[in-house]
There are 2 protein chains.
Amino acid sequence: MSYYNEPKTERGQETLNSLLKAAEEIFGEKGYYNTSIIDITQRAGVAQGTFYIYFPNKKAIFQALILDLSHTLRKEIAISIKNAKNRMEAERTGFRTFFSFINRHSDLYKIVWEAQFVDPDLFRAYYQKIAKGYSDGLANAIKKGEIKDLDTEMLAYSLIGIANFVGLRWIIWEKTQVPEKAFDDMMAFITSGMKKH
Amino acid sequence: MSYYNEPKTERGQETLNSLLKAAEEIFGEKGYYNTSIIDITQRAGVAQGTFYIYFPNKKAIFQALILDLSHTLRKEIAISIKNAKNRMEAERTGFRTFFSFINRHSDLYKIVWEAQFVDPDLFRAYYQKIAKGYSDGLANAIKKGEIKDLDTEMLAYSLIGIANFVGLRWIIWEKTQVPEKAFDDMMAFITSGMKKH
DNA sequence: ATAATATATGAATCATGTTTCATGTTTATT
DNA sequence: AATAAACATGAAACATGATTCATATATTAT
């Protein structure tokens with residue numbers, strides 16, 4: 001299931017890429033509703049009509065971006081925590097990767113949040129998929145006795161919430177890294193919240 | 001500083017109230033950008049032009065709603081935690097009040113999140129104000145030795161993040177209360193994350 | 001080289017929505 | 001009761017932007 005028309009030639013693929021790249025940039029800058037097809041095609045360097053060769057409508061390119069983001073982010077985090085020795089180490093590495101990711105893609109961070117208004121079901125699916133993977137990892141850690149036996153779904157959403165709002169405070173608003181002291185304290189808070197006795 | 005023209009008569013005050021109420025409902029249902037002035041005036045039962053007697057433009061009524069929400073929510077939480085015996089009890093009560101509030105105002109919950117795209121500065125100010133009050137309360141608890149000495153701003157944003165995403169998962173998406181087991185586990189997580197040794 | 005397919009163009013077509021304004025009605029003031 | 005100030009109306013002016021389409025060019029297959 002794809003939100004765009006698969007190009008059959010090299011040239012077509014390049015045009016599609018230009019459109020996606022332009023859309024990502026401008027949606028990140030001005031938001032979905034303040035972005036016009038003209039904005040996108042102009043930055044991509046193609047005519048207005050060309051847009052509709054690849055996408056049936058404006059919403060479709062937004063949806064395509066969300067899917068792409070979701071995939072890239074989850075993959076990047078999964079790879080980064082692959083070799084963690086235990087759950088606590090996985091959490092620390094996962095948070096680092098997430099912050100690094102939104103640092104490099106602050107435009108996509110905004111895109112995901114706006115999805116709540118452009119396509120609520122997709123927004124929900126996005127977080128549900130992340131939360132599902134998170135929950136499973138936590139359930140595993142509980143089985144191994146690495147952390148307390150708490151409701152894993154609640155825990156997943158809590159940790160996602162922490163990541164999002166701490167990221168919002170420093171990376172999105174301040175355009176800086178999360179200060180080391182804040183990061184360490186955050187991990188201390190999470191760690192003692194989850195660890196046994 | 002106000003975003004609307006103060007009515008001088010009883011009749012004017014009623015019309016203003018109708019407009020605000022209608023806007024709150026429709027913004028919550030369809031989002032800011034999918035709501036037209038016609039939608040608002042129709043539901044309020046007044047003519048299109050009447051809107052501009054009270055608000056200079058569409059954005060202004062949205063901003064007025066945010067300010068109103070911000071004020072009501074902070075006040076409600078402040079009152080609810082006034083008589084808490086200690087910080088942990090204040091947290092538990094504060095979370096309960098927050099969830100109850102968004103349960104009664106799920107439309108306003110959506111309005112605040114959309115503010116990020118309609119008026120980013122106002123969105124930021126909204127959370128900064130909440131975070132500031134939260135931080136101060138936490139700093140006080142640290143001084144009293146009730147909780148660990150952690151970066152209070154980080155802690156404030158983390159707790160706001162937890163509340164928002166757990167609320168999103170159950171109250172907004174599922175339209176139910178947060179299950180008791182999840183709520184208790186959430187408080188257990190937060191409590192052991194903050195308490196000393 | 002020719003036909004078939006894919007890609008590209010941009011002006012025209014729809015569709016919508018914000019804001020203004022000339023005019024009329026209601027309420028408060030004297 | 002007369003006058004001024006507030007409030008209300010809805011059609012017109014103004015602005016924008018998504019989508020379609022007839023036409024043209026480029027690429028691939030035969």
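Chain letters run A, B, ... following the sequence lines, proteins first, then strands; residues in each count from 1. This is a predicted model, so every value here is computed, not measured. For the numbers below, each heavy atom of this structure counts, side chains included, while hydrogens, waters and symmetry mates do not.
- At whole-Å resolution of the value, CZ in Phe55(B) and P in dA8(D) are 12 Å apart.
- In this structure, Lys59(A) places its NZ atom 11 Å from P of dT19(D), rounding to the nearest Å.
- Scored by the salt bridge (charged side-chain N to carboxylate O under 4.0 Å, His left out) test, Lys8(B) finds no partners at all (sequence neighbours excluded).
- Nearest-nucleotide assignment on DNA chain C puts the 5′-proximal partner with Tyr52(B), out of Lys8(B) and Tyr52(B).
- Phe62(A) meets the ring pair (Phe, Tyr, Trp, His ring centres under 6.0 Å) test with Phe27(A), Tyr32(A); sequence neighbours excluded.
- As a whole-Å value, the separation of Ile61(B) CD1 from dT18(C) P is 12 Å.
- Asp39(A) meets the salt bridge (charged side-chain N to carboxylate O under 4.0 Å, His left out) test with Lys30(A); sequence neighbours excluded.
- Here dC7(D) presents its P atom at 10 Å from CD of Glu6(B), a figure rounded to the nearest Å.
- For Lys58(A) and dG17(D), the NZ to C1' distance is 8 Å, given to the nearest whole Å.
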Restricting to nitrogen or oxygen on both sides, can you table the protein-nucleotides 8-14 of chain C pairs closer than 3.5 Å?
residue	atom	partner	partner atom	Å
dA8(C)	OP1	Thr15(A)	OG1	2.6
dA8(C)	OP2	Tyr54(A)	OH	2.6
dT9(C)	OP2	Ala47(A)	N	2.8
dT9(C)	OP2	Thr50(A)	OG1	3.0
dG10(C)	N7	Gly49(A)	N	3.3

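- With sequence neighbours left out, the ring pair (Phe, Tyr, Trp, His ring centres under 6.0 Å) criterion links Trp170(A) to no other residue.
- Within a heavy-atom distance below 4.0 Å of DNA chain D, no residue of residues 29-43 of chain B is found.
- Aromatic ring pairs are classed by plane angle as parallel below 30°, tilted from 30° to 60° and perpendicular above 60°; the pair Tyr33(B) and Tyr33(A) is parallel.
- Checked against salt bridge (charged side-chain N to carboxylate O under 4.0 Å, His left out), Glu180(A) has the following partners two or more places apart in sequence or in another chain: Arg96(A).
- OP1 or OP2 of dC7(D) has at least one side-chain nitrogen or oxygen of Thr9(B) nearer than 4.0 Å.
- Partners of Glu29(A) according to the salt bridge (charged side-chain N to carboxylate O under 4.0 Å, His left out) rule, which considers only residues two or more places apart in sequence or in another chain, are Arg43(A).
- Residues satisfying the side-chain contact (heavy atoms from CB on, under 4.5 Å) test with Thr9(A), not counting sequence neighbours, are Arg11(A).
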